[in-house]
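To start, the structure itself, in structure tokens.
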Amino acid sequence: MRHPDAPAPGEPLGAHYDQCFGCGHQPGGLGLIARAGEDVSVTAEFTVRSGHQGAPGLAHGGVLAAALDETLGSLNWLQRTITVTGRLETDFVRPVPVGTELHLEAQVTAVHGRKVYCSATGRIGAPDGPVAVRAQALFIEVRVDHFIENGRAEEIDAALTDPDQVKVARAFEVNP
Ligand SMILES: CCCCCCCC/C=C\CCCCCCCC(=O)SCCNC(=O)CCNC(=O)[C@H](O)C(C)(C)COP(=O)(O)OP(=O)(O)OC[C@H]1O[C@@H](n2cnc3c(N)ncnc32)[C@H](O)[C@@H]1OP(=O)(O)O
């Protein structure tokens with residue numbers, strides 16, 4: 001369900017964690033940029049770079065799965081809950097050349113207790129370009145303790161003392 005305080009459609013969502021491989025500012029990361037959509041949906045763009053190759057000139061499947069996973073994960077902003085990927089099923093429909101701008105969209109399809117069912121699509125070159133990848137996923141709602149108990153102490157301590165990170169955690173209505 002779309003949270004009443006969810007970002008308006010078109011609003012950029014930013015990074016949930018500055019060092020996230022998907023949406024953060026990691027040198028080898030995806031640099032994925034997501035925006036809120038209508039209802040419980042998001043759109044995102046990601047440009048395939050040479051460091052993302054699997055075969056010569058083509059994106060690695062795991063990188064494309066990561067882009068889908070990250071786009072699906074950014075649905076958290078619209079629900080204002082924290083969920084993590086429990087299951088991610090991916091269809092690779094077309095090869096994706098290096099240099100491609102992949103246009104992704106994702107939406108929540110059903111919620112049952114802590115389980116959030118969602119799906120995503122990645123298209124080549126434009127929002128209405130040819131479909132390259134698709135995913136069906138199950139995300140599971142967790143508390144902030146999920147990270148505090150399982151993350152490496154070094155990064156957790158840094159996150160808990162970073163006001164920007166604490167602000168993000170609050171945006172998900174969590175008090176770390
Ligand atoms: C320090 C302060 C700051 C903190 C930061 C705050 C901001 C953070 C903000 C936002 C972060 C979002 C990040 C998004 C990034 C992109 C998404 C990712 O890549 S996430 C990483 C990859 N995923 C994992 O690492 C999960 C690893 N797995 C687990 O930890 C557990 O397995 C978990 C939490 C998913 C479930 O464990 P259980 O013990 O809590 O729950 P159980 O009881 O097992 O499952 C609940 C229900 O879900 C079903 N379920 C669970 N896993 C399933 C599966 N794989 N397939 C089907 N059903 C599954 C179960 O059958 C159960 O269903 P029934 O309620 O009985 O109907």
Side-chain angles (χ1 to χ4, degrees), residues 1-3 5-7 11-26 28-37 40-46 48 52 59-92 102-122 133-176:
M1 184 150 321
R2 192 179 223 280
H3 192 280
D5 299 331
E11 212 173 292
L13 297 176
H16 64 262
Y17 174 45
D18 188 56
Q19 293 187 52
C20 173
F21 171 78
C23 63
H25 297 99
Q26 286 280 17
L30 303 181
L32 183 133
I33 297 168
R35 284 174 195 278
V40 192
S41 74
V42 294
T43 57
E45 289 88 43
F46 148 62
V48 180
H52 300 139
H60 194 288
V63 168
L64 298 174
L68 288 162
D69 188 28
E70 184 61 39
T71 306
L72 289 158
S74 64
L75 290 166
N76 281 338
W77 289 97
L78 303 198
Q79 305 170 92
R80 294 188 78 154
T81 54
I82 302 179
T83 66
V84 292
T85 324
R87 184 177 172 81
L88 179 70
E89 184 183 11
T90 315
D91 297 321
F92 299 92
L102 200 63
H103 289 254
L104 299 124
E105 50 84 23
Q107 54 279 311
V108 170
T109 52
V111 179
H112 190 257
R114 293 172 56 215
K115 296 187 286 190
V116 179
Y117 296 87
C118 42
S119 61
T121 305
V133 283
R134 277 194 293 258
Q136 298 283 337
L138 173 63
F139 276 61
I140 312 289
E141 187 178 344
V142 294
R143 309 286 305 171
V144 78
D145 294 355
H146 170 88
F147 304 100
I148 295 172
E149 288 163 10
N150 296 299
R152 190 167 68 166
E154 206 177 312
E155 284 82 5
I156 289 296
D157 291 347
L160 287 171
T161 51
D162 174 357
D164 289 338
Q165 186 61 59
V166 171
K167 209 190 285 176
V168 169
R170 292 227 168 93
F172 294 108
E173 293 194 319
V174 169
N175 292 311

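All values derive from a computational prediction rather than experimental measurement. Order of listing sets the numbers, starting from 1, for every ligand and every atom in it.
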With heavy atoms and a 4.0 Å threshold, my read on which part of Phe172 contacts ligand 1 is side chain
Using modelled atom types and a 3.5 Å cut-off, is there a donor and acceptor pairing between side-chain atoms of Asp162 and backbone atoms of Ala158? no
Give a yes-or-no answer on whether the side chains of Thr71 and Glu105 include a donor-acceptor pair shorter than 3.5 Å. no
Show the atoms of ligand 1 that are less than 4.0 angstrom away from any heavy atom in Thr83. 12 (C)
For Val142, the ligand 1 atoms whose distance to one of its heavy atoms is below 4.0 Å: 34 (C)
Does Gln19 offer a backbone N or O that forms a donor-acceptor pair with the side chain of Gln26 under 3.5 Å? yes
Exceeds 12 heavy-atom contacts within 6.0 angstrom, atom CZ of Arg87: no
Selection from Glu70, Glu141, His146 by shortest heavy-atom distance to atom 29 (C) of ligand 1: His146
Which of the ligand 1 atoms, numbered from 1, are nearer than 4.0 Å to a heavy atom of Asp69: 16 (C), 17 (C), 18 (C), 19 (O)
Just distances here: any N/O of His16 and N/O of ligand 1 closer than 3.5 Å? no
Under 4.0 Å between heavy atoms, the region of Leu138 that gets near ligand 1 turns out to be side chain
What about Gln165: any of its N or O atoms under 3.5 Å from an N or O on ligand 1? no
Closest to atom 24 (C) of ligand 1 (heavy atoms only, candidates Ile140, Val144, Thr85, Ile156) is Thr85
Could you walk me through whether Thr90 and Leu68 satisfy the side-chain contact (heavy atoms from CB on, under 4.5 Å) test, starting with their C-alpha distance in whole Å, then the side-chain angles of each, then the deciding distance to 0.1 Å, before giving a yes or no? CA-CA 8 Å; Thr90 315; Leu68 288 162; 3.5 Å; yes
Is a side-chain donor or acceptor of Arg80 paired with a backbone partner of Ala171 at a separation under 3.5 angstrom? yes
Are the aromatic ring centres of Phe172 and His16 under 6.0 angstrom apart? no
So for ligand 1, is Gly86 a polar contact partner (N or O within less than 3.5 Å, distance only)? yes
Close-contact set for ligand 1 against Lys115 heavy atoms, below 4.0 Å: 47 (C), 48 (O), 49 (C), 63 (O), 64 (P), 67 (O)
Would you check if the side chain of Arg114 reaches a backbone N or O of Glu141 as a donor-acceptor pair within less than 3.5 Å? yes
Applying a 4.0 Å heavy-atom criterion (strictly less than), which segment of Asn76 is in contact with ligand 1: side chain, backbone, both, or neither? side chain
